Chemist: 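My structure is below; once you've seen it, I'll send some questions.
For clarity, every value in this text was computed on a predicted model and none was experimentally measured.
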Amino acid sequence: MGDFRNLRVWQRAHQLTLEVYGETRAFPKEERYRLTNQLRRAAASVPANIAEGCGRNGDAELARFLTIAKGSASELDYLLLLAHDLGYLKPPRYEQLAADVHGISRMLANFVDRLRYPNTAPPPLALRPPAVDNHGDSSVGDQPIH
C-alpha cells in the first residue's frame, strides 16, 4: 500500500488523536484512568489500525484493518458524546470533534468500498445517497411502501 503517512484519512485521524489528547488534559483527575484513558485509546486506535493495515499484504487485509479503524471511530464518537454529556467538553468543541470523527468514518467507509469494489463506477447501492423528491425532501425512499 505504501506509506500510511501519505493517506489523507490517516493524517486527519492522527490530527484528531492529537486534539483528543489535548482536550483530555483538562478533564478531572479522577477520570485519568477512566474516560480520559478510554478516549485516548479509541482515538489512537483509528490511525494505528490504518497504519497496521498499510503494512499488511493485500487489499483484503487493508480493508479489514480499515473496518477495525471505523469501529474505533464509532467508539470514539460515543465517548466524546459521554464526555460532552458529563460536562467535560463544551458544545462547540464537542460538535467540532464529533464532526471530525464522522468525516473520518465516511472516508474509511469509502476507502473500504474502493478496495472491495474496485471496478464499480457508482458506489454500492447501500452507499448511494437517498433519493430526493422535487421539493428537496431526502426522506423519499425512507418511507415503508404500503
Chemist: Quick one: NE2 on His14 to CD on Glu19, what's the gap to the nearest 0.5 Å?
Modeler: 10.5 Å
Chemist: Just so I know, are the side chains of Asn49 and Leu66 near enough to count as touching, which here means a heavy-atom distance under 4.5 Å?
Modeler: no
Chemist: Can you name the side-chain contact (heavy atoms from CB on, under 4.5 Å) partners of Ala63, sequence neighbours left out?
Modeler: Val112, Leu115, Arg116
Chemist: Nearest 0.5 Å, please: how far is CG in Leu62 from CG in Asn57?
Modeler: 11.0 Å
Chemist: Let me check something: do Ile68 and Val101 share a hydrophobic cluster, defined by ILVMFWY side-chain heavy atoms less than 4.5 Å apart, either directly or through other members?
Modeler: no
Chemist: Hydrophobic clusters here meaning ILVMFWY residues chained together by side-chain heavy-atom distances under 4.5 Å, can you tell me if Val46 and Leu16 are in one?
Modeler: yes
Chemist: List the atom pairs, donor and acceptor, that lie under 3.5 Å between side-chain atoms in residues 4-12 and the rest of the protein, sequence neighbours left out.
Modeler:
residue, atom, partner, partner atom, Å
Arg5, NH1, Asp3, OD1, 3.0
Trp10, NE1, Pro47, O, 3.4
Gln11, NE2, Arg5, O, 2.8

Chemist: List in chain and number order the residues that pass side-chain contact (heavy atoms from CB on, under 4.5 Å) with Arg40, two or more places apart in sequence or in another chain; answer none if no residue qualifies.
Modeler: Tyr21, Thr24, Arg25, Thr36
Chemist: Calculate, to the nearest 0.5 Å, the distance between atoms OG1 and CZ belonging to Thr67 and Phe111 respectively.
Modeler: 11.0 Å
Chemist: CD of Glu52 to CD of Glu61: how many Å apart, nearest 0.5 Å?
Modeler: 9.5 Å
Chemist: Name all residues meeting the side-chain contact (heavy atoms from CB on, under 4.5 Å) criterion together with Arg32; count only those two or more places apart in sequence or in a different chain, and write none if there are none.
Modeler: Lys29
Chemist: Donor-acceptor pairs under 3.5 angstrom involving side-chain atoms of residues 77-90: please list them, not counting sequence neighbours.
Modeler:
residue, atom, partner, partner atom, Å
Asp77, OD1, His102, NE2, 3.1
Asp77, OD2, His102, NE2, 3.2
Tyr88, OH, Glu31, OE2, 3.1

Chemist: Which pair of non-hydrogen atoms, one from Ala42 and one from Ser72, has the smallest distance, and what is that distance?
Modeler: O-CB, 3.9 Å
Chemist: Going through the distances and angles, do Gln15 and Leu18 end up as a side-chain contact (heavy atoms from CB on, under 4.5 Å)?
Modeler: CA-CA 5 Å; Gln15 183 59 43; Leu18 296 175; 4.2 Å; yes
Chemist: Residues in side-chain contact (heavy atoms from CB on, under 4.5 Å) with Ala43, at least two apart?
Modeler: Thr17, Val20, Leu76
